[in-house]
Amino acid sequence: MTSDRPTRRRILALSGATAAAGLAGCTDRLESLTGSSDGDDSSEEGETTERAAALADGVPSLETEYNSREQYRQPGASFDDFEDLDEWEVVQGSGEADEEVVFDGDQSFKLESDGSENVVAQRDLSGEDLSETDLSFAIRTTTPQNITINLRLVDQFGSERVYSLREITYREPDVGWFRTSPGVFQQSEYEPAMDSLDRLEIQVLHSMDEAEVWIDDLRTHEKPDQGYVMLVWDDGTNDYYETASPLHDEYGFRTVQAPVPRWTEQGRDGVMSVSELQERQEEGDQIVVHGTHTPIHEYDDDEEIENRLRNDKQWFINNEFEGADYIVYPHNSYDRSSLEQKTKYQYCGGFNQAGNVNTTSVYGFDPLALPRTIGHDIDISKRCVDLAAEHNQCTILNFHEFEANNTMPEDDYADLLEYIDDADVEVITFDDLWELRTEQHYE
């Protein structure tokens, strides 16, 4: 969708205003939530008079006005609170109610594998109509990383639609809850009849000796009016400035850059300068926090984590980067302690990153545990775009530098941008995605 080159911050209304972190991290190359709101609080403290706090113009303040994970903890409408598991049948692995580990209410649904096999639980959906509906749920696992969580909807004729969170980069042992609202990964050649459903399956797919997962608070959400693509470049490399950015400008695409302050200050070879980053901000790109490049789960205590987050954001503020309310996690590393500290400084970010299609709905994700897909393969990236367009979801694609094996070659990238331009999607930044998310869209 070609458009005129925007100013630094164009009007955030998207197409009519009803419609807003290689494989395991930046230096790793192809190897391989809590709160108490009941959800209906969009007008309470935590928002400015007209829009969510992160959307205010200009350089943000150091600390956030509210805890975004608590404020937007339970979006949409409840579909299954797992207080009664009589409707559920565990057809592979084992499952039981757990009253000790709970996201909301009195119990959650704990699923375990019997060794290396996958886990499947299902419930009847006869009479349910999930047309034009996305799903989200709270999840906790002590066995993250090599694990995929699917919601598989099967209609009365056998056609399926699979929503998939392809990988979880929440680091053990300090694990906790987060909400996920995965996008469609695949569906049958004959599109399922979403108003004539047979069953819902929760699938835990893994390649480990065992898997242990808790599920809670399954909720429904409206679909937006169209699909979205976010192009995120990590580390502030010259490839972004010299090659990718001119290509973006040809299409009027506003993209996201997440530089590493220390590398920029050192004037490291192949890394953009502050003035070059500021230039890209003036052209409409969003410069967001990446920060100290050590995986944050390796820090020992909360004070150390908070000092790192505070100092990192302060650098972005000092250099007048207006995207400092958003964050990309180095090495996609995060855990419960770091999430608790991040809410003090950022509203939105992540990621649970995977090498395959790993998309999200726009109204139901955890603000600080978004999924994204590594942009190493043009076919996978195009499939992400296609699914975003077809199912009105969001794909966040990640790149570093063209010679790295976690980033597709330059020619392929140019081809991808043309493909996006021809697709029925909107290229957005964090501001746009966050505006969509904070609209809530309660059922």
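Only this structure's heavy atoms are used, side chains among them; waters, hydrogens and symmetry mates stay out.
No side-chain donor-acceptor contact under 3.5 Å links S338 to the backbone of Y334. For Q257 (side chain) and L277 (main-chain N/O), no donor-acceptor pair under 3.5 Å exists by modelled atom type. With N352 contributing its side chain and T169 its backbone, the two residues share a donor-acceptor pair below 3.5 Å. Side chain of Q107 to backbone of E83: a donor-acceptor contact under 3.5 angstrom is found. Checked by atom type and distance alone, the side chain of S181 pairs as donor or acceptor with a backbone atom of L135 at under 3.5 Å. In this structure a side-chain-to-backbone donor-acceptor pair under 3.5 Å is present from S159 to Y190. Not a single donor-acceptor pair under 3.5 Å links the side chain of K110 to the backbone N or O of D98. When atom types are taken as modelled, the side chain of E89 and the backbone of A121 share no donor-acceptor pair closer than 3.5 angstrom. Formation of a donor-acceptor pair under 3.5 Å by the R383 side chain with backbone atoms of F185 is found in this model. Using modelled atom types, one side-chain atom of T407 and one backbone atom of H400 make a donor-acceptor pair closer than 3.5 Å.
The side-chain heavy atoms of F253 and V229, taken from C-beta on, include no pair separated by under 4.5 Å. In this structure, the side chains of I380 and N356 come closer than 4.5 Å at one or more pairs of heavy atoms. In this structure the side chain of Y163 reaches within 4.5 angstrom of the side chain of D134, judged on heavy atoms.
Partners of E210 under the salt bridge (Lys or Arg N to Asp or Glu O under 4.0 Å) rule, at least two apart in sequence or in another chain, do not exist in this structure. The ring-ring contact (aromatic ring centres under 6.0 Å, His included) check on F399 picks up W233, Y413, with sequence neighbours excluded. With sequence neighbours excluded, the residues forming a salt bridge (Lys or Arg N to Asp or Glu O under 4.0 Å) with R336 are D174, listed by chain and number. Considering only residues two or more places apart in sequence or on other chains, D216 meets the salt bridge (Lys or Arg N to Asp or Glu O under 4.0 Å) condition with none of them. The salt bridge (Lys or Arg N to Asp or Glu O under 4.0 Å) check on D415 picks up K382, with sequence neighbours excluded.
For the 3.5 Å distance criterion, the side chains of Y240 and T255 qualify, holding a donor opposite an acceptor. E212 and T142 share a side-chain donor-acceptor pair at under 3.5 Å. Side-chain contact annotation: N118 with Q203, donor-acceptor N/O pair under 3.5 Å absent. D235 and H290 share a side-chain donor-acceptor pair at under 3.5 Å.
Aromatic pair Y72/W434: ring centres closer than 6.0 Å. A centroid separation of less than 6.0 Å is found between the aromatic rings of F82 and W88.
Of all heavy-atom pairs between P259 and F316, the closest is O-CZ, 3.6 Å. Nearest heavy atoms, C384 versus T373: SG-OG1, 3.7 Å.
Seen from the ring of F365, R437 counts as a face-on cation partner, given the 6.0 Å and 45° thresholds.
The stretch residues 136-164 participates, sequence neighbours left out, in these salt bridge (charged side-chain N to carboxylate O under 4.0 Å, His left out) pairs: R152-E160, R152-E201, R161-E191.
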